[in-house]
Chemist: 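Let me begin by handing over the structure; questions about it come next.
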Amino acid sequence: MEKDLKALGIKVEKKKEFDVYLVRQDFPILHRTVRDKPLIYFDNAATTQKPKIVIDALVNYYTNLNSNIHRGVHYLSQAATTEYECARRIIKTFINAKHEEEIIYTRGATEAINLVAFSYGEAFLSEDDEVLISHMEHHSNIVPWQIICEKTGAKLKVIPIDDKGELILDEFDKLLSERTKIVSIVHISNSLGTINPIEYIIEKAHKVGAIVLVDGSQSIQHVPIDVQRLDCDFFVFSGHKIYGPTGIGVLYGKKDLLEKMPPYQGGGDMILSVSFEKTIYNVIPHKFEAGTPNIEGAIGLASAIRYVQNIGLDVIYDYEMELLNYATEKIKQIPEVKIIGNSKNKASLISFVVENVHPHDIGTLLDRDGIAVRTGHHCTEPVMRRFGIPATSRASFAFYNTFEEIDVFINSLKKIIVKFK
Amino acid sequence: MDEFDVLYQEVILDHNKNPRNFGTLDPFTHKAVGHNPLCGDYVEIFLFIDGDTIKDVKFKGVGCAISKASASIMTTVLKGKKIEEVKDLFERYHTVLTSKPDEPVDVSNLGKLAVFAGVREFPVRVKCATLPWHTLMEALEKKDSVLKME
Ligand SMILES: Cc1ncc(COP(=O)(O)O)c(C=O)c1O
């Protein structure tokens with residue numbers, strides 16, 4: 001594992017002890033039953049469960065702190081503002097941004113990508129420019145760019161993927177040119193699990209003067225992120241995928257870029273002064289945070305991040321790799337199952353199809369045994385088309401999952417296959 | 001038997017594995033394509049209608065067991081039926097499938113289609129069972145059309 005991490009350029013620190021049964025105590029929902037069976041939650045790539053500490057942070061906010069932030073002179077407003085801004089600092093440290101104001105709160109990864117596409121894209125793209133994405137993007141990293149290319153006349157180019165579900169880097173090199181202005185790339189694919197070599201992509205893109213947005217929706221919860229070392233220009237993620245609440249996400253952007261970008265939305269908080277003749281915009285991050293934000297979401301996210309830091313992402317990564325390897329071995333022993341996405345570098349998720357059994361039937365029948373997986377195209381229709389399938393079933397693991405749960409899942413899957421024989 | 005056994009009962013599994021009237025009809029008088037973009041299910045229905053009677057029917061497509069069995073069983077009940085009868089049957093079928101799981105329903109006049117009554121326990125799967133029927137209705141309305149179900 002250490003070698004794996006080093007190969008990915010991730011700093012390896014001294015290992016802490018990890019006790020999965022102990023961490024499971026932190027997640028109330030893991031103790032409920034579904035259809036009279038203990039819940040086995042393998043839909044972590046869609047959203048993660050929340051530790052009690054995060055739930056408590058939300059309850060505490062509404063019980064003791066609730067008020068609107070900024071501009072308030074009263075006690076509660078100041079206390080809420082302090083917590084909200086303190087959360088920003090925690091996020092900044094977590095991804096090692098250089099400046100606190102480089103952390104913009106959004107509703108999630110989707111809004112963060114849209115913000116960059118509409119603000120940066122509309123201001124700086126023109127007809128002869130190109131935006132480069134990959135064949136394995138989530139729809140949220142395709143559609144905003146299509147809209148903006150339509151508006152500006154820029155062209156959208158796509159890095160192809162191979163049969164293992166890896167980017168074809170030779171093709172990337174060929175697609176990259178002086179015309180490339182933006183490269184927007186997923187760090188870890190939500191439907192294939194592939195961990196993309198973003199260091200390489202960022203370095204190469206910068207050589208031709210392009211800026212790079214990294215969609216970290218599936219990486220923030222699995223691998224340590226250092227935006228300065230990566231040197232990415234933008235990094236986006238959603239709070240709910242890293243054990244935090246829904247409705248909160250982050251756009252990290254380099255300060256000089258954020259400063260030259262026009263506002264995305266207008267309203268309160270994003271201005272310094274307003275008159276009908278002239279409005280003066282606020283400084284970053286506030287310029288991009290119009291209106292009353294998701295205050296409790298930001299506070300909840302910070303508490304989730306502290307929780308993860310406490311366990312250690314390196315410890316989490318190691319354990320999740322063990323889960324992945326174990327599950328992969330077990331699945332490969334079932335001849336009717338084919339894994340979609342066989343990259344050397346994979347995060348802890350397995351997309352698969354089963355001979356003669358449609359993913360929806362698998363999903364419904366696994367649910368009977370209390371097992372939650374996702375079935376469908378996972379908002380990555382181009383990936384499905386690339387592999388010539390309408391849908392897959394996807395089991396995605398978090399650090400609170402166990403080897404025993406994988407055993408139950410495998411047995412349930414085998415039962416289903418027999419049923420359809 | 002729990003609700004899952006009812007959903008995936010032998011008849012349905014059998015029609016999924018060995019779909020009846022699978023293929024294309026040549027010649028045909030009516031045809032429609034149904035598509036559920038959410039799950040990628042796809043069904044194509046061919047009809048040969050003489051006057052107001054369905055003389056022959058075939059279907060093609062990919063989908064889950066429920067949608068395939070629904071299409072297959074549908075084709076087995078259509079032959080020889082009048083269009084008005086078929087529309088009536090669909091009405092009754094649709095009413096049963098979209099009723100709430102705890103509501104009493106009458107499946108006595110559904111014939112073979114009664115095996116799908118259990119689908120109403122699974123609201124997200126109702127579209128799987130109705131897609132072939134909606135597509136059939138489309139085919140009856142127009143001679144050639146594409147139907148999308150959201
Ligand atoms: C790779 C990837 N990008 C973007 C998103 C969008 O995240 P959200 O819906 O939280 O904005 C997701 C979520 O499924 C994802 O997996």
Side-chain angles (χ1 to χ4, degrees), chain A residues 33-37 43 46 138-139 142-143 191 336 338 340 351-394 411-421, chain B residues 1-19 22 33-44 59-73 97 101 115-132 148-150:
Chain A
T33 55
V34 165
R35 306 189 190 280
D36 297 326
K37 305 272 170 48
D43 195 16
H138 188 275
H139 295 164
I142 300 174
V143 184
S191 54
E336 292 86 353
K338 184 171 155 211
I340 304 293
S351 244
F352 61 94
V353 290
V354 180
E355 220 177 281
N356 296 330
V357 195
H358 191 278
H360 275 72
D361 298 318
I362 290 172
T364 297
L365 286 166
L366 285 173
D367 180 51
R368 174 193 214 165
D369 288 339
I371 305 163
V373 300
R374 189 138 295 241
T375 59
H377 53 54
H378 318 292
C379 293
T380 56
E381 282 190 56
V383 172
M384 299 298 120
R385 231 163 277 137
R386 166 66 178 77
F387 286 92
I389 47 180
T392 73
S393 304
R394 180 187 72 190
N411 284 335
S412 183
L413 188 58
K414 284 182 181 163
K415 258 187 357 204
I416 297 167
I417 292 169
V418 170
K419 196 180 178 69
F420 276 77
K421 281 266 180 222
Chain B
M1 285 232 300
D2 64 6
E3 70 268 34
F4 290 89
D5 288 320
V6 175
L7 184 67
Y8 290 104
Q9 54 189 285
E10 263 324 302
V11 186
I12 291 180
L13 292 176
D14 175 51
H15 275 268
N16 173 52
K17 216 162 76 179
N18 310 301
F22 194 81
V33 177
H35 183 50
N36 184 347
L38 268 179
C39 54
D41 281 2
Y42 162 90
V43 65
E44 211 171 335
F59 85 100
K60 265 192 350 189
V62 286
C64 65
I66 308 304
S67 79
K68 246 165 94 186
S70 169
S72 171
I73 292 177
L97 259 66
V115 295
F116 291 103
V119 177
R120 66 198 187 115
E121 305 272 351
F122 301 86
V124 294
R125 306 301 299 277
V126 168
K127 272 183 205 137
C128 310
T130 55
L131 177 66
K148 272 201 183 208
M149 266 181 103
E150 302 292 338

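Bear in mind the structure is a predicted one, so any value in this text is a computation, not a measurement. A, B, ... follow the sequence lines: proteins, then strands. Residue 1 opens every chain.
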Chemist: Donor-acceptor pairs under 3.5 Å, chain A to chain B, main chain and side chains both?
Modeler:
unit_1: A:His358; atom_1: NE2; unit_2: B:Asp41; atom_2: OD1; d: 3.3
unit_1: A:His360; atom_1: O; unit_2: B:Arg125; atom_2: NH1; d: 3.2
unit_1: A:Asp361; atom_1: OD1; unit_2: B:Tyr8; atom_2: OH; d: 2.7
unit_1: A:Asp361; atom_1: OD1; unit_2: B:Arg125; atom_2: NH2; d: 2.8
unit_1: A:Asp361; atom_1: OD2; unit_2: B:Ala65; atom_2: N; d: 2.6
unit_1: A:Thr364; atom_1: OG1; unit_2: B:Arg125; atom_2: NH1; d: 2.4
unit_1: A:Arg368; atom_1: NE; unit_2: B:Asp2; atom_2: OD2; d: 3.2
unit_1: A:Arg368; atom_1: NH2; unit_2: B:Asp2; atom_2: OD1; d: 2.7
unit_1: A:Arg368; atom_1: NH2; unit_2: B:Asp2; atom_2: OD2; d: 3.1
unit_1: A:Arg368; atom_1: NH2; unit_2: B:Asp5; atom_2: OD1; d: 2.9
unit_1: A:Arg368; atom_1: NH2; unit_2: B:Asp5; atom_2: OD2; d: 3.0
unit_1: A:Lys421; atom_1: O; unit_2: B:Lys17; atom_2: NZ; d: 2.9

Chemist: Under a 4.5 Å heavy-atom cut-off, does chain A meet the side chain of B:Ile66, its backbone, both or neither?
Modeler: both
Chemist: Using ring-ring contact (aromatic ring centres under 6.0 Å, His included) as the criterion, list what pairs up with A:Phe387, not counting sequence neighbours.
Modeler: none
